[in-house]
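Quick caveat, the model's predicted, so the values are computed rather than measured. Only this structure's heavy atoms are used, side chains among them; waters, hydrogens and symmetry mates stay out.
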Amino acid sequence: MQFVDEASIIVEAGKGGNGCLSFRREKYVPKGGPDGGDGGHGGTVYLIGDDALNTLIDFKYQRFYKAQNGQPGMGRQMSGRAGDDLHVKVPVGTTVIDEDTLEVIADVTEIGQVVPVAQGGRRGLGNIHFKSSTNRAPRRTTPGTEGERRNLRFEMKVMADVGLLGQPNAGKSTLIRAVSAAKPKVANYPFTTLVPNLGVVKLGLHEHFVMADVPGLIEGASDGAGLGLRFLKHLTRTRLLFHVVDVAPFDESDPVEVAEAIIHELGEFSPALAELPRWLVLNKLDLLPAEEREAVADEIVRRLGWEGPVFRISAISSDGTDALVQAAHRWLTEQRRLENEDEEAAERAREMRARMEDEAVARTEARLGRRRKRDDEDDDDFDDDDYDVEIEYAP
């Protein structure tokens with residue numbers, strides 16, 4: 001299935017039914033009075049989180065969603081039927097943005113979470129509501145109101161506990177294949193990963209966490225180079241980052257310079273994301289002679305000035321990967337415990353996630369703004385002025 005993480009749709013709630021103008025007409029009741037019923041409320045459009053969906057591809061083919069209109073009122077004080085609400089299923093991890101105001105309407109982060117995005121129109125009143133002692137035959141009703149219509153933009157971010165960060169061909173896909181059942185494409189050339197991949201790392205009964213592999217970053221990614229800018233937003237849902245570094249690049253580039261460039265691009269994209277806990281994972285040590293591995297790894301750590309956790313692995317042979325995932329599981333378990341028991345820790349985590357979300361949305365909107373400006377400058381829409389000619393009429 002094609003991976004689609006952005007989509008734009010139009011939602012329209014149902015119109016409220018009009019009130020009815022009617023008078024009671026029965027045998028032996030010549031002046032029965034008003035009996036016009038009310039209309040029905042229009043249906044509301046809701047979004048609902050569904051774990052069975054993992055892409056927004058359906059919204060590329062169907063872009064208009066409308067709830068049912070309410071029925072008009074009827075005589076004999078009968079109200080019209082309310083319009084059925086419309087429930088639109090979206091993947092868990094979807095951010096909903098109003099394209100006209102750029103307001104973030106909701107963030108669907110839980111299975112079954114229901115979010116109203118377009119309110120149905122209110123019903124109209126029948127003439128029975130307007131009778132009084134001075135107006136016993138009112139001919140007044142009210143119409144139903146229009147349902148709300150909105151242009152929405154969906155941005156899906158994969159829900160994962162650990163995110164893999166690194167340059168193309170660093171071995172991120174090989175690592176996720178080694179520790180989970182995910183089978184992303186692996187090859188000996190850069191940018192084999194074109195879309196995010198998720199893998200469930202199982203460590204025992206009811207013990208697991210989700211790892212996300214995103215396309216590799218290159219220098220200038222924060223300005224749109226490569227694929228990194230579009231997919232970096234998926235890392236904003238994670239709690240922990242593995243910075244995977246190739247210690248023996250096939251192009252003989254300097255691993256330290258490449259790692260520093262990745263750190264710089266991460267900070268340019270989102271300062272909050274750069275503050276997320278990050279572990280250094282030195283990969284492909286099996287490509288070095290056994291007697292040189294420790295020295296090369298220590299030199300990389302020293303030049304980077306790294307003070308956090310460091311893991312030395314070979315993803316293709318699974319050497320060191322078990323210790324890595326066990327440590328990650330213990331760290332994630334401890335973080336969840338802290339957030340459950342310490343309100344201050346929970347609040348800090350919420351603030352961090354909110355900052356990352358805001359910065360990711362700002363980056364995305366800036367990219368969309370540049371794209372709109374570029375499309376306007378291209379002027380390939382065949383407007384009337386594209387064929388301006390001067391016509392001279394001769395007598």
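- Salt bridge status for R350 with E343: present, with a side-chain N to carboxylate O gap under 4.0 Å.
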Checklist entry - Are W331 and F209 close enough, and set up right, to give a side-chain contact (heavy atoms from CB on, under 4.5 Å), and what steps lead you there? => result CA-CA 11 Å; W331 186 90; F209 64 86; over 6 Å; no
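- Although no hydrogens or angles enter the test, the distance criterion places no donor-acceptor pair under 3.5 Å between the side chain of T94 and the main chain of V90.
- No donor-acceptor pair under 3.5 Å is formed between the side chain of N69 and the backbone N or O of G42.
- Between E341 and R337, at least one side-chain nitrogen of the basic residue sits less than 4.0 Å from a carboxylate oxygen of the acidic one, meeting the salt-bridge criterion.
- Residues K89 and L53 come closest through the heavy atom pair O-CD1, 3.6 Å.
- In this structure, CZ in R25 is found 12.5 Å from CZ in R76, a value given to the nearest 0.5 Å.
- The nearest pair of heavy atoms linking G75 to C20 is N-SG, 3.8 Å.
- The NZ atom of K60 lies 12.0 Å from the CD1 atom of I9; values are rounded to the nearest 0.5 Å.
- Hydrophobic clustering, with ILVMFWY side chains joined whenever heavy atoms are under 4.5 angstrom apart, groups L56 together with V115.
- Taking Ile, Leu, Val, Met, Phe, Trp and Tyr as hydrophobic and joining them when side-chain heavy atoms fall under 4.5 Å apart, one finds Y28 isolated, its cluster having no other members.
- A salt bridge between D35 and R24 is absent, with no side-chain N of the basic residue lying under 4.0 Å from a carboxylate O of the acidic one.
- The pair E6-R153 meets the salt-bridge criterion, with a side-chain N (NZ, NE, NH1 or NH2) lying under 4.0 Å from an Asp/Glu carboxylate O.
- Tracing side-chain contacts under 4.5 Å through hydrophobic residues (I, L, V, M, F, W, Y), one reaches L203 starting from I313; they form part of the same cluster.
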Item to check | Working for side-chain contact (heavy atoms from CB on, under 4.5 Å), residues F154 and V96 | outcome: CA-CA 5 Å; F154 292 160; V96 186; 3.8 Å; yes
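- When the side chains of ILVMFWY residues are joined at heavy-atom separations under 4.5 Å, either directly or via intervening members, F242 and L280 end up in two distinct hydrophobic clusters.
- At a threshold of 4.5 Å between non-hydrogen side-chain atoms, the residues R312 and R293 do not count as touching.
- Taking a 6.0 Å sphere around CD of E344, one finds it holds 12 or fewer heavy atoms contributed by other residues, nucleotides or ligands.
- Side-chain atoms of D319 and S317 form a donor-acceptor pair, as typed in the model, at a separation below 3.5 Å.
- The main-chain N or O of S22 is found under 3.5 Å from a side-chain atom of N127 such that the two form a donor-acceptor pair.
- E339 places no side-chain N or O within 3.5 Å of a backbone atom of A346 that could act as its donor or acceptor partner.
- In this structure a side-chain-to-backbone donor-acceptor pair under 3.5 Å is missing from D84 to Q68.
- Using a 4.5 Å cut-off on side-chain heavy atoms (C-beta onward), F23 and L21 make contact.
- Ion pairing of E99 with R150 is absent here, as no side-chain N (NZ or NE/NH1/NH2) approaches a carboxylate O to less than 4.0 Å.
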Next on the checklist: Q335 vs L338, test: side-chain contact (heavy atoms from CB on, under 4.5 Å). Steps then yes/no.
Outcome noted: CA-CA 5 Å; Q335 287 298 117; L338 284 175; 4.0 Å; yes
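- Here the shortest heavy-atom pairing between V45 and V88 reads CG1-CG2, 4.3 Å.
- Here R122 does not pair with D38 in a salt bridge; the nearest charged N to carboxylate O distance is not below 4.0 Å.
- L47 and V114 fall into different hydrophobic clusters, where Ile, Leu, Val, Met, Phe, Trp and Tyr side chains are chained together by heavy-atom contacts under 4.5 Å.
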Do any side-chain atoms of residues 252-263 form donor-acceptor pairs under 3.5 angstrom with protein atoms, and if so which ones, sequence neighbours left out?
{"from": "S253", "atom 1": "OG", "to": "D251", "atom 2": "OD1", "distance (Å)": "2.9"}
{"from": "D254", "atom 1": "OD1", "to": "V256", "atom 2": "N", "distance (Å)": "3.1"}
{"from": "D254", "atom 1": "OD1", "to": "R303", "atom 2": "NH1", "distance (Å)": "3.3"}
{"from": "D254", "atom 1": "OD2", "to": "R303", "atom 2": "NH1", "distance (Å)": "3.3"}
{"from": "D254", "atom 1": "OD2", "to": "R303", "atom 2": "NH2", "distance (Å)": "2.7"}

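- Between the side chain of Q71 and the backbone N or O of G80, no donor-acceptor pair lies under 3.5 Å.
- Using a 3.5 Å distance cut-off with no hydrogens or angles, the side chains of N283 and D246 do not pair a donor with an acceptor.
- Between P271 and R355, the closest heavy-atom pair is C-NH2, 4.3 Å.
- Under the 4.0 Å criterion applied to side-chain N and carboxylate O atoms, D161 and R336 are assigned as salt-bridge partners.
- Interatomic distance, L152 CG to R149 CZ, rounded to the nearest 0.5 Å: 11.0 Å.
- How far CD of Q326 is from CG of L324: 10.0 Å, rounded to the nearest 0.5 Å.
- With S318 contributing its side chain and T321 its backbone, the two residues share no donor-acceptor pair below 3.5 Å.
- Of all non-hydrogen atoms in Y65 and Q62, the two that sit nearest each other are OH-O, 3.1 Å.
- With respect to R348 and E351, no salt bridge is recorded, no charged nitrogen being found less than 4.0 Å from a carboxylate O.
- Looking at V200, L240, V201 one by one, the single match for side-chain contact (heavy atoms from CB on, under 4.5 Å) with M211 turns out to be V201.
- Rounding to the nearest 0.5 Å gives a distance of 10.5 Å between CD1 of I111 and CD1 of I48.
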Checklist entry - Should R63 and D58 be marked as a salt bridge (charged side-chain N to carboxylate O under 4.0 Å, His left out) after you check the CA-CA gap, both sets of side-chain angles, and the distance that decides it? => result CA-CA 9 Å; R63 298 190 58 193; D58 292 339; over 6 Å; no
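- The main-chain N or O of E110 is found under 3.5 Å from a side-chain atom of Q113 such that the two form a donor-acceptor pair.
- Atom CD1 of I316 sits in a sparse spot, with 12 or fewer heavy atoms from other residues, nucleotides or ligands closer than 6.0 Å.
- Ring-plane geometry between H243 and W306 is classed as perpendicular, the angle between the planes exceeding 60 degrees on a 0 to 90 degree scale with a lower cut at 30.
- Under the 4.5 Å side-chain heavy-atom criterion for grouping Ile, Leu, Val, Met, Phe, Trp and Tyr, V162 is connected to L175 within one hydrophobic cluster.
- With values rounded to the nearest 0.5 angstrom, E12 atom CD is found 10.5 Å from N151 atom CG.
- No more than 12 heavy atoms of other residues, nucleotides or ligands lie within 6.0 Å of CZ in R140, so this atom counts as exposed by the packing criterion.
- Heavy-atom contacts from other residues, nucleotides or ligands closer than 6.0 Å to NE2 of H208 number 12 or fewer.
- Applying the 6.0 Å contact sphere to CD of E291 captures more than 12 heavy atoms from other residues, nucleotides or ligands.
- Atom NZ of K202 is surrounded by 12 or fewer heavy atoms from other residues, nucleotides or ligands within 6.0 Å.
- L241 approaches T238 most closely through the heavy-atom pair CD2-OG1, 3.6 Å.
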Item to check | From CA spacing to verdict: side-chain contact (heavy atoms from CB on, under 4.5 Å), R278, L266 | outcome: CA-CA 11 Å; R278 185 162 20 101; L266 191 66; 4.0 Å; yes
